[in-house]
There are 2 protein chains.
Amino acid sequence: MLLSKSCVYGLRATLLLASNQNGNYTSIKELSEKLDISFHFLTKILQQLTAVDLMESLKGPKGGVRLSKSGEEITLLDIVIAIDGEDLLTECALGLPGCGIEKPCPLHDMWASTRDEIREMLESTSLTQMANKGKKMNLRITADGKFTWE
Amino acid sequence: MLLSKSCVYGLRATLLLASNQNGNYTSIKELSEKLDISFHFLTKILQQLTAVDLMESLKGPKGGVRLSKSGEEITLLDIVIAIDGEDLLTECALGLPGCGIEKPCPLHDMWASTRDEIREMLESTSLTQMANKGKKMNLRITADGKFTWE
DNA sequence: TCTATTTAAGAGTAATTTGTCTTAAATATA
DNA sequence: TATATTTAAGACAAATTACTCTTAAATAGA
């Protein structure tokens, strides 16, 4: 799997938040129900995003989470790195520690350029772009497809 | 992680076999020692490759494993698919089952083209190509770098 | 101030991946 | 044929990832 499940869940949730940005907090309960993700599990994942200030949270009634800046300023890469770390973008295809230009493995050159394309793709795409696309074309972000962008 | 550890180990072992192709069997013991991989674990992994006829094995003294055809005819993709399956090349970036042109997620188009590049890279590279490169440039296929292509 | 609501934090469980160990089956060679 | 060597197979253990549950802390609103 390219992205961990946690990361995928984080992306789905932040896409939803980006589609809906009005300054209000959205409760994690609501997110978890709309996205069909376990509430407690999603809570833990989103805590990682608030920990790196990609999101803000507020406890209590009317509380919840929201993006800490415009979804246009948050890229898919920001979310991926916050949850899965840099591994995907730095790791050797043969799993060798310290694989790089100085001490490469046979696959290094090829793999490094593929990795860069992945990075470029994630880095050049904002949450808002994807959320707008999903909204406009009514695309799925859940398995059952019951989710609607409203 | 893009590739599982099993897959990485399988790649390292088959690269070594491709570098050394003379029709003889190489014992898994020797592979595991040269590559610094647990013998029993490597045995299990290589069984998956013999199961799909990418390798042949022979029990008993002088036994071991060898590629079932020239390493020029075996691509990295063959090994990856045999061990990790097609997931990497078919899976949705958001983990949605059945994500495709008819029922895409917002990331689908972008991701599908990146996935195709990964496939293209793995498919167009043979074990022998990588083994020769490693041999010629004396590149690592183990963490400690003690391995030598001889 | 009290209460209901909501996130935070941490312990605990389940599933998957990774790795180990033992025994069985095959085979080359003496 | 007997023996040593090697893969095959399956049970088992450890580590990681995925998920659940309980309790604490914060806060809006009555």
(request) Could you run through nucleotides 6-13 of chain C and give me one letter per nucleotide, 5' to 3': B if any protein heavy atom sits under 4.0 Å from the base, S if only the sugar-phosphate is that close, - if neither? (result) BBBBBB--
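The structure places CD of A:E120 at 13.0 Å from OG of A:S113, a figure rounded to the nearest 0.5 Å. For the atom pair CD of B:E86 and CG of B:L77, the computed distance is 7.5 Å after rounding to the nearest 0.5 Å.
Here the C1' atom of nucleotide C:dG19 and the CG atom of B:D36 are 14 Å apart, to the nearest Å. At whole-Å resolution of the value, CD1 in A:I37 and C1' in D:dT20 are 15 Å apart. Look at CD1 on A:I83: it is 13 Å from P on D:dC19, rounded to the nearest Å. Atoms CG (A:L42) and C1' (D:dC21) sit 16 Å apart, rounded to a whole Å.
By the 4.0 Å N-to-carboxylate-O rule, A:K146 lies too far from A:D36 to be salt-bridged with it. Salt bridge absent: A:K69 and A:D78 never bring a charged side-chain N and a carboxylate O closer than 4.0 Å.
Summarising the geometry of B:A93 relative to B:L107, their closest heavy-atom pair is CB-CD2, 4.0 Å, with the distance given to 0.1 Å. Scanning both residues, A:S32 and A:S38, for their nearest heavy atoms gives CB-C, 4.3 Å.
The number of heavy-atom neighbours closer than 6.0 Å to CD of B:E73, taken from other residues, nucleotides and ligands shown, is above 12.
B:D84 and B:S4 are linked by a side-chain donor-acceptor pair at a separation below 3.5 angstrom, with hydrogens and angles left out of the test.
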When you compare the protein's N or O atoms with those of nucleotides 15-18 of chain D, which come within less than 3.5 Å of each other, and at what distance?
from   : atom 1 : to   : atom 2 : distance (Å)
D:dA18 : OP1    : A:K5 : N      : 3.2

